[in-house]
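Values below: all heavy atoms of this structure, side chains included; hydrogens, waters and symmetry mates excluded. Numbers restart at 1 for each chain; the letters A, B, ... are given by sequence-line order, proteins then strands.
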Amino acid sequence: MTQTMAVAKALNESLRKALENDPKVLIMGEDVGKLGGVFRITDGLHKDFGEGRVIDTPLAESGIVGTAIGLALRGYRPVVEIQFDGFVFPAYDQIVTQLAKMHARALGKIKLPVVIRIPYGGGIGAVEHHSESPEALFAHIPGLKVVSPSNASDAYWMLQQAIECDDPVIFFEPKRRYWDKGEVDVSALPGDLHQAVIAQPGTDVTLAAYGPMVKVCLEAAAAAANEGRSLEVVDLRSLSPIDFDTIQASVRRTGRLVVVHEAPVFYGAGAEIAARIAERCFYHLEAPVLRVGGFHAPYPPARLEEEYLPGLDRVLDAVDRALAY
Amino acid sequence: MSVKSTAAGGAPAKGRGRTTRAAVAKRGSGEPGLVQLLTPEGERVEHDDYAIDLTPEELRGLYRDMVLTRRFDAEAITLQRQGELGLWASLLGQEAAQIGSGRATRPDDYVFPTYREHGVAWTRDVDPLNLLGMFRGVNHGGWDPNENNFQLYTIVIGSQTLHATGYAMGVAKDGADAAVIAYFGDGASSQGDVAEAFTFAAVYNAPVVFFCQNNQWAISEPTEKQSRVPIYQRAAGFGFPGVRVDGNDVLAVLAVTRAALDHARSGQGPMLVEAFTYRMGAHTTTDDPTRYRRDEEREEWASKDPIARLKTYLEREGIADEAFYAEIDAESDALAKRVREGVRNMPNPGTMAIFENVYADGSALVDEERAQFAAYLESFDTGDTTVGSTVGTGH
């Protein structure tokens with residue numbers, strides 16, 4: 001049963017289904033109730049499920065995550081919304097020192113099924129602290145799972161899978177893709193939450209991306225096709241764990257890899273992928289793994305973000321450099 | 001049978017009328033608003049709001065709890081000095097605060113401790129050896145919190161107050177007749193998480209008791225460096241009641257905490273209890289309190305010792321005899337021996353435990369690293385077949 005819907009609507013429908021399927025699922029966050037969230041991802045849920053299930057919280061991020069931990073210990077499955085990427089840091093301590101470690105500290109006796117939804121990334125002309133990509137900071141932490149959908153179908157399915165997961169999942173939503181529409185088969189069986197997929201097959205260069213950059217890479221592949229170049233696009237979907245097998249298989253076919261993300265390149269997800277793929281595919285690589293991403297600078301004011309964010313040209317430039325070896 | 005307050009001069013049964021709060025304050029430590037039922041001299045007094053009526057058996061039980069907890073603590077310090085534990089956070093001096101509050105909880109209540117609540121753990125029937133695993137370095141917690149409704153020790157200051165609040169929100173959602181108690185110290189009262197926990201608990205009317213053991217020192221920082229008002233008064237700003245109790249008076253702590261838990265259980269929301277007490281020892285075994293506090297201060301608090309004052313009362317009232325004390329001594333020795341041997345025989349975790357329980361649902365990344373490390377270890381070909389299981393038995 002396929003429907004066309006925007007990413008935001010797919011997330012909303014996903015939350016609705018999770019609330020319907022499991023009475024232990026709770027939605028928590030600032031403005032998630034009557035307003036339906038600043039991006040309206042929780043629109044209508046407060047009305048239909050009540051304030052006992054869709055909980056408007058005080059304006060305190062550490063409190064939101066800390067109490068969600070307590071609710072999870074009591075047997076609930078809280079889905080927490082952090083309003084914007086840059087606001088997750090007051091909760092970072094609770095996520096890193098508590099949420100990520102409790103299962104291990106209790107020798108596996110307790111589970112922490114908490115999902116933290118974070119609208120992330122730039123491209124919407126926002127003010128400071130509203131456009132950042134802090135995913136590597138979370139992927140670096142053992143005990144957390146980190147995922148990011150790039151399209152409506154994944155938004156719908158991956159969020160439900162994250163909620164069903166017994167581990168804490170940091171769910172990064174590409175906010176500038178909220179309004180992109182796509183096909184969602186609500187009756188299909190979803191794939192593995194942590195498996196990468198080939199979004200576009202190709203033979204010359206592999207582009208690995210996730211979240212908001214998958215669309216840019218698909219556009220780059222289309223543009224390159226006009227020049228007779230065949231780019232393969234891998235949508236990672238999951239950043240912790242990362243499905244290195246799928247990237248490896250792709251790179252063995254193409255011999256070249258360019259990793260693309262919005263986050264600063266320095267110490268970013270691309271560094272991890274480049275290192276692992278260099279190790280796994282040393283004799284198959286025709287060129288060093290290249291990275292395209294943000295700079296080692298604060299996310300710039302909105303008037304400069306188009307220069308900062310990797311676009312078609314920067315991705316194709318990296319492809320040119322990879323092919324020049 | 002009641003043994004109520006004969007030493008205080010035959011106060012009325014309900015504890016009304018005779019000893020006012022002001023009178024208690026005058027007679028007690030000089031701290032305003034301090035609830036006290038047993039003076040440092042071991043005299044039973046009454047309080048308008050917090051009456052308690054305990055049987056001789058219950059009184060002897062509180063004494064036993066405090067003595068055994070102190071002995072356990074002393075043994076742990078010794079074990080640390082002997083190199084058997086990497087660190088120890090002593091509760092010396094805080095036995096009444098912990099035993100009184102712990103004994104006020106019911107089995108279906110839930111406790112969120114810091115890393116010093118050895119006495120509270122005792123009241124929850126947590127095996128004392130479980131508490132030592134993290135200090136010996138064989139685990140980071142190591143017990144099932146749901147077995148005794150006693151959460152893992154929390155080292156990051158104040159974090160657990162939010163977990164307790166969330167848990168209490170869940171208790172309220174479930175319509176359960178239970179309460180939650182969150183322990184923290186005076187230093188933690190400066191943490192944002194504690195303020196956020198107060199906010200959430202108040203807003204959601206969560207059945208949680210915030211139990212602050214004000215032991216006067218956050219490592220070397222005195223309480224004056226944490227707060228310009230008495231800590232219990234902070235509750236008012238969040239919209240729930242706060243009370244300060246003599247934390248070295250096990251009867252008062254029991255009475256006040258019981259009332260606070262009843263308050264929470266009956267749907268009236270959170271309450272803050274400040275147990276005014278003193279850390280007689282160092283913050284942990286790595287600390288040196290002689291650098292920052294005066295001997296006179298410790299001596300002054302030693303005269304308010306929680307165990308000595310209860311013993312005075314028990315003897316005055318003829319509630320315990322020599323046979324009882326001899327029995328407790330023997331029990332203490334047995335406990336110390338069990339702890340000492342238990343620690344020395346505590347198995348080190350198997351090497352591959354590093355990779356266990358990182359995730360509940362597993363992770364390909366952990367699987368890959370586990371396999372690589374196992375292959376690396378096997379490459380030594382030492383004939384050691386114990387990789388992945390318990391290696392050695394320590395010393």
So which residue, [options], ends up with the most heavy-atom pairs under 4.5 Å with chain A?
options: B:Gly142, B:Ala364, B:Gly192; value: B:Gly142
options: B:Val366, B:Thr154, B:Asp174; value: B:Asp174
options: B:Thr165, B:Thr161, B:Val180, B:Asp193; value: B:Asp193
options: B:Ala195, B:Ala206, B:Gly362; value: B:Gly362

If I measure from the heavy atoms of chain A, does [X] come under 4.5 Å with its side chain, its backbone, both, or neither?
X: B:Val171; answer: both
X: B:Gln191; answer: neither
X: B:Tyr110; answer: neither
X: B:Glu147; answer: neither
X: B:Val203; answer: side chain
X: B:Glu368; answer: side chain
X: B:Asp361; answer: both

Given a strict heavy-atom distance threshold of 4.5 Å, which part of [X] is in contact with chain B: side chain, backbone, both, or neither?
X: A:Ile141; result: backbone
X: A:Glu61; result: backbone
X: A:Thr97; result: side chain
X: A:Lys101; result: neither
X: A:Asp56; result: backbone
X: A:Leu71; result: both
X: A:Ile242; result: neither
X: A:Ala68; result: neither
X: A:His103; result: both
X: A:Ser240; result: side chain
X: A:Asp245; result: neither

Less than 4.0 Å between a side-chain N and a carboxylate O, is that true for A:Asp48 and A:Arg53?
-> no
